Amino acid sequence: MSDFPDDMPFFDGPAGGPPAARPAGGGIAARAMAARQQPAAPDYLRGLNAEQSLAVETTEGPVLVLAGAGTGKTRVLTTRIAHILATGRAFPSQILAVTFTNKAAREMKHRIGMLVGEAVEGMPWLGTFHSIGVRLLRRHAELAGLRSDFTILDTDDVIRLIKQLIQAEGLDDKRWPPRQFAMMIDGWKNKGLGPAEIPEGDARAFANGKGRELYKAYQDRLLTLNACDFGDLLLHPIRIFRSYPDILKDYHRRFKYILVDEYQDTNTAQYMWLRLLAQRPAGAAVNICCVGDDDQSIYGWRGAEVDNILRFEKDFPGATVIRLERNYRSTAHILGAAAHLIAHNEGRLGKTLFTDRSDPDDAKVNVHAAWDSDEEARAIGEEIEQLQRQKHNLSDMAILVRASFQMRSFEDRFIEIGLNYRVIGGPRFYERQEIRDAMAFFRVVAQPADDLAFERIVNVPKRGLGEATIRQVHDTARALGVPMLEAAAKLAESDELKPKPRAALREVAANFERWQKSLETTPHTELAETILEESGYTDMWKNDRSAEAPGRLENLKELIRSMEDYESLRSFLEHVALVMDAEQNDQLDAISIMTLHSAKGLEFETVFLPGWEEGLFPHQRALDEGGRSGLEEERRLAYVGVTRAKRNLHIWFVSNRRIHGLWQSTIPSRFLDELPEAHVEVTEASNSYGGYGSGNGGRQNPYGASRFDNVGSFSNTYSTPGWQRAQQNKTEATDRNWGTRSGHQVERIGYGETDSGFGAGRTSVKGRTIEGELVAKSVSNEPSRFAVGDRVFHQKFGNGYVSAIDGNKLTIDFDKAGQKRVLDGFVMAA
DNA sequence: CAGCTATGTATTTTT
DNA sequence: TACATAGCTG
C-alpha cells in the first residue's frame with residue numbers, strides 16, 4: 001500500500017530537506033520568499049512572545065507545549081502549521097493535525113486559512129481522532145474485516161444492539177442493563193482492549209461471568225452488520241498498523257509533522273494510535289508537537305489519561321518542553337484566584353500564569369451568597385441587566401454550571417424577565433427523536449443491511465407491527481443470513497404471517513425498494529423529502545396535537561436544508577455520524593448558559609459561576625467514586641471555570657438547593673476556601689429581600705432568615721466558608737441555632753511549615769495543609785428525630801405538621817406553603 | 001398492540 | 001420533583 005490516491009502529488013524529497021516543488025497556494029510562496037530574503041521574521045510570526053515563537057519555530061524533534069489557559073495555545077498551533085507550510089518543510093497533506101472536537105478542527109482550519117490561504121484545503125489529515133480514524137479505516141477496511149462502506153453506529157444503536165445480544169444469551173436485561181455494558185465496552189475500547197485482552201475480573205463482573213463472550217459476540221455482530229462503533233474507529237487502525245508494518249511505514253513516510261491539540265485529554269487508545277504513527281527508526285527524530293494543559297484535564301471520567309502528558313518527556317526523549325505562562329485573557333485578580341485554587345492539586349507539571357496588566361480598576365473576584373437557587377437566578381439576572389444598562393453585550397457574558405439541572409432556574413427566570421439566552425450543549429440536533437427517525441429511513445435506503453436503522457423505523461409511523469412480528473423478521477434474517485429488510489420482503493411474500501402484519505411488511509419492503517431505485521436518479525434532498533412524505537412520517541407529526549410537533553416538523557425541514565451542503569446521501573450520513581452537533585447560527589445578542597465542561601476553550605468578559613456548594617461542586621459523586629483524584633478533577637473544573645473570565649467573575653453559592661425534588665440545606669464549596677483573600681471580595685447579595693433582620697431567625701421575612709443575613713461581617717473578616725462549615729457541623733449536631741454563624745477565624749490553609757508535622761489526623765502535603773477533614777455530611781441515615789403529627793418549623797415554608805416520615809425525608813403539611821417533602825435536618829421543632 | 005400507571009433513578013460529553 | 005422506562009390492562 002504505497003499509493004495515496006486522493007492526495008496531491010507526493011514528493012519524498014531528500015531527507016530533512018524541503019521538497020523540490022512548492023505546494024499550491026500563491027500567498028504562501030510569496031511569504032516564504034519574503035521570509036528568505038529578509039532577516040526579519042515573516043508576518044505570521046509577528047506579535048508572538050518568545051516562548052510562543054520557540055514553540056512555532058522548533059519544528060524538528062518532539063515538542064511539548066504546556067499552554068496555560070489563555071496563553072495563545074491555538075495561535076501557536078496554527079502558526080506552527082503555517083510556518084511549516086510557508087517554509088516549505090512539508091506539503092499540507094504531510095501534516096497530521098489532530099483535535100478532539102469537530103469545533104476545534106473547524107476553528108483550526110479557519111485560522112490556518114487566515115494565515116496561509118488556500119493551502120488549508122489541501123490538509124486532508126487535519127481533523128478529530130475519529131474523523132481521521134474513519135479516513136484510515138475506509139482505505140484499509142478489508143484488513144479489519146469490513147467493507148469500505150461500513151456504517152458508524154452511535155450510542156443509541158449500540159445500546160439497542162447490546163440489548164438484543166443480552167436477550168439472545170437468555171439473560172435478564174434488567175439485571176444486566178445494556179446501557180451499563182455499553183459503557184463497559186466503551187471503557188475497554190478507551191484502553192485499547194479487545195475481547196481477548198480485557199481483565200478477567202472485568203469479564204466476570206457482567207452477565208454471570210459472560211462479559212467476555214458478550215463483548216466478543218458484540219464485535220462479531222458489528223462485523224456482520226458491516227458496522228463500527230466510535231471506539232472501533234481508533235482500534236481497527238491500531239490493529240492494522242500493528243499487523244501490517246508496511247502500511248504503517250507508508251504513513252510514517254507521509255506524516256512529516258504530527259500535531260496534537262488538548263493532549264491532556266487523550267485516552268490510552270488515542271495514545272497508542274499516536275505512538276504507532278510517531279514511531280521512527282532508532283536515532284531519527286519524530287516531529288511531534290503536543291499541546292495541552294494538565295491543569296485543564298477534566299475528562300478523566302471518560303477515559304482521558306493525564307498521565308500521557310505528564311509522561312511526554314519519557315516517551316519522547318530529548319523533547320523540548322515549552323511553557324506558555326503569559327496570559328492574555330484575564331485580569332491579575334482572576335489569575336491570582338485561579339492560581340491559588342489550582343495550587344491545591346498535587347501531581348501537576350506546574351505552571352503559574354502571569355500577566356503584565358495591572359489596572360487598579362480591575363474588579364476582584366466576587367463571591368456572593370443567596371438563599372436558594374431561585375434567588376441566585378434572580379440576583380444574577382439583575383446583575384446582568386445592570387451590565388446591560390452599562391452597554392455590555394449579552395454575548396460577552398456566560399453562566400457556567402456544574403450540572404445541567406442548574407440551568408433550569410436561569411432559563412425560567414430569563415424567560416420571565418425577557419432576557420435573551422442561549423443554551424450551549426444540551427440535547428443536540430442530531431440526537432432529537434424526529435431527526436434520528438428520519439436518519440434511520442435514509443440509512444436503510446443507503447445501506448440496506450443496516451438492521452438497527454431498519455428496526456428503528458419498521459413500525460414508524462405505527463403500522464401494527466408489534467414485537468412478535470419484528471422478532472419473526474429478525475429470526476428469519478438470522479436464519480437466512482440476510483439483512484432484515486430482505487427477510488421482511490421474503491416474509492411478506494410467504495404465508496407465515498397474519499394478513500395485517502403481512503400487508504404492512506409488504507408495504508415497507510416495497511417502499512424501500514422504490515426509494516433505493518431512485519437513489520441513483522433523484523437528487524438526494526428531493527429523495528429525502530419523498531421518503532418522509534411517502535412513509536407517512538411527516539403526516540404523523542402533522543397529526544400530532546402535542547406542543548412539540550410543530551418544532552419537530554421544523555427540524556425535519558432544517559434537516560433537508562442541511563443536506564443540500566452535501567453531494568450525496570452517503571456523504572451526508574457520514575457527516576452526521578461523526579459530527580453530532582449542528583452549527584449555532586444566530587447572531588442574536590444573548591447570554592450563554594452552559595456546563596463547565598463545554599466551556600473549556602471559551603472566554604467571556606463576564607462569567608457567572610453559580611452553585612459552588614459541597615455536593616454539587618465538587619460533585620458528591622465525583623468525591624464518592626473518584627476519591628482524591630476525583631476531587632482534583634473537580635478542582636481543575638473550577639480552575640477552567642475561573643479562567644474563562646476576562647474581566648469580571650462572579651461566584652455564587654446558595655444555602656438551600658432542591659436536589660431530586662427535596663430541599664437540602666447546603667454548605668459552601670471548599671473551593672471557596674481555596675480562593676485567595678487578596679483577590680476576592682465577598683459581596684452582599686444585592687437583592688430586594690435584603691435587610692431581613694439578623695441573628696434572630698428573621699421570621700418577619702417571608703423567605704425566612706438566611707445565615708448570610710449579616711453577610712457584612714462575613715465580608716469584613718473573610719472568615720472562610722470552610723470554617724463556617726466546621727462551625728455549622730458542630731452546632732447542628734447539638735442545637736438548631738440558625739442565627740449568626742460568622743466567626744473571625746484565620747484561614748487554615750496556609751503555605752509554609754506552620755502546619756506540618758503535627759498530628760496524624762492532618763493531611764500534610766509538601767509543607768502545606770490541605771483541609772481534608774471538613775467534608776460535608778449532607779444526608780444522615782439516622783432515624784428521624786420527628787414523629788408524625790409533630791409541629792415543626794421550616795426556614796422557607798414556615799410552620800406545619802409532619803404527615804409522613806420516610807427515613808430522613810419528611811412530608812410536611814405547611815400552613816401556608818401546602819404539602820412539601822423536605823429533609824429532616826432542615827426543620828426544627830416549633 | 002397501545003396507552004396507561006407504577007417504578008426507579010437521577011454528573012460532567014465527545015465521537 | 002421530573003423524567004424515562006417497564007409492566008400491566010383494555
Side-chain angles (χ1 to χ4, degrees), chain A residues 98-105 127-134 152-156 158-159 163 172-174 177-179 183 186 189-190 228-234 262 265-267 269-270 297-304 373 400-409 424-428 430-431 433 459 461-470 498 500-501 504 574-581 594-601 611 615-626 630 633-634 636-638 640-641 657-664 809 811 819-822:
Chain A
V98 218
T99 64
F100 273 84
T101 63
N102 291 293
K103 199 172 134 206
T128 62
F129 276 100
H130 292 85
S131 68
I132 292 171
V134 174
I152 301 160
L153 305 184
D154 63 31
T155 326
D156 225 63
V158 168
I159 288 171
K163 187 171 180 177
D172 179 8
D173 62 349
K174 273 183 76 180
R179 200 170 262 290
M183 276 161 51
D186 201 53
K189 292 195 173 178
N190 285 159
C228 270
D229 63 17
F230 285 117
D232 287 341
L233 298 179
L234 282 168
E262 306 278 16
D265 288 340
T266 47
N267 61 38
Q270 287 156 342
S297 162
I298 54 174
Y299 287 109
W301 53 273
R302 68 175 195 208
S373 51
L400 312 181
V401 298
R402 172 67 246 261
S404 41
F405 76 83
Q406 291 174 264
M407 293 179 180
R408 189 173 172 166
S409 54
I424 314 275
R428 281 162 300 169
Y430 291 111
E431 279 171 359
Q433 184 195 340
N459 198 31
K462 299 260 179 281
R463 289 188 172 85
L465 291 168
E467 203 191 331
T469 318
I470 293 170
K498 295 203 176 99
K500 238 200 214 159
E574 171 120 342
H575 163 82
V576 174
L578 291 173
V579 184
M580 290 299 285
D581 62 334
M594 69 188 97
T595 62
L596 286 160
H597 281 92
S598 39
K600 191 163 75 152
L616 177 59
F617 194 33
H619 199 282
Q620 194 57 48
R621 202 151 154 185
L623 262 29
D624 293 345
E625 290 167 17
E633 184 155 307
E634 294 288 291
R636 290 193 291 269
L637 198 51
V640 167
R657 194 173 284 281
R658 206 167 54 179
I659 293 170
H660 305 334
L662 44 94
W663 287 94
Q664 284 193 214
K809 296 164 198 165
T811 305
Q819 194 180 74
K820 305 274 178 195
R821 297 229 303 162
V822 296

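FYI, side chains are in, hydrogens and waters are out, and symmetry mates aren't considered; it's all heavy atoms of this structure. To find a chain, count down the sequence lines: A is the first, B the second, and so on, and within it residues start at 1. Just so we're clear, the structure is a prediction, and the values are computed from it rather than from any experiment.
Leu400(A) places its CG atom 15 Å from the P atom of dT12(B), with the value rounded to the nearest Å. In this structure, Arg408(A) places its CZ atom 15 Å from P of dT11(B), rounding to the nearest Å. Atom pair Tyr299(A):OH and dT13(B):P shows a separation of 7 Å (rounding to whole Å applied). Taking atom CZ of Phe100(A) as the reference point, atom P of dT13(B) lies 16 Å away to the nearest angstrom. As a whole-Å value, the separation of Phe230(A) CZ from dT15(B) C1' is 4 Å. We find that CD1 of Ile424(A) is positioned 11 Å from P of dT14(B), with the value rounded to whole Å. Atom C1' of nucleotide dT1(C) and atom CH2 of Trp663(A) are separated by 11 Å, given to the nearest angstrom. Here the C1' atom of nucleotide dA10(B) and the CZ atom of Arg179(A) are 12 Å apart, to the nearest Å.
Taking the centre of each ring, Trp301(A) and His619(A) stay at or above the 6.0 Å mark.
When heavy atoms are screened at a 4.0 angstrom cut-off, Glu634(A) is found touching base atoms of the nucleic acid. If you check every strand for non-hydrogen atoms under 4.0 Å, Ser404(A) touches sugar and phosphate atoms only.
Within the structure, every side-chain polar atom (N or O) of Thr595(A) is placed at least 4.0 Å from both OP1 and OP2 of dT11(B). Proximity of Asn102(A) to the phosphate of dT15(B): a side-chain N or O atom is located under 4.0 Å from OP1 or OP2.
When the nucleotides dT13(B), dT1(C), dA6(C) are ranked by their closest atom to the side chain of His597(A), dT13(B) comes out on top. Side-chain atoms of Ala403(A) lie closest to dT12(B) of the nucleotides dT15(B), dT12(B), dA6(C). Distances from the side chain of Thr101(A) to the nucleotides dT13(B), dT15(B), dA6(C) place dT15(B) closest.
The ring pair (Phe, Tyr, Trp, His ring centres under 6.0 Å) check on Phe100(A) picks up Phe129(A), with sequence neighbours excluded.
Comparing the C1' positions of dA6(C) and dT11(B) gives an interatomic distance of 25 Å, to the nearest angstrom.
Between His575(A) and Tyr430(A), the angle of the ring planes goes over 60°, which puts this pair in the perpendicular group of the 30/60° scheme.
Contact of the Leu400(A) side chain with the Met594(A) side chain is registered, since non-hydrogen atoms from C-beta on lie closer than 4.5 Å. Between Leu578(A) and Leu233(A) the shortest side-chain heavy-atom distance falls below 4.5 Å. Gln270(A) is not listed as a side-chain neighbour of Val98(A), based on a closest heavy-atom distance of 4.5 Å or more.
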Pairwise N/O distances under 3.5 Å, protein to nucleotides 1-8 of chain B:
unit_1: dC1(B); atom_1: OP1; unit_2: Gly464(A); atom_2: O; d: 3.3
unit_1: dC1(B); atom_1: OP1; unit_2: Gly466(A); atom_2: N; d: 2.1
unit_1: dC1(B); atom_1: OP2; unit_2: Glu467(A); atom_2: N; d: 3.0

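Where Gly231(A) and Leu637(A) each meet DNA chain B at their nearest nucleotide, the meeting point lying more 5' is that of Leu637(A).
A donor N or O paired with an acceptor N or O is found under 3.5 Å between the base of dT12(B) and the side-chain atoms of Arg402(A).
With respect to Ile152(A), the side-chain contact (heavy atoms from CB on, under 4.5 Å) criterion is satisfied by exactly one of Asp229(A), Val576(A), Val134(A): Val134(A).
The two residues Asp154(A) and Phe230(A) come nearest to each other via the heavy atoms CA-CE1, 4.0 Å.
Applying the 90° cutoff around 0 to the glycosidic angle, dT11(B) is assigned syn.
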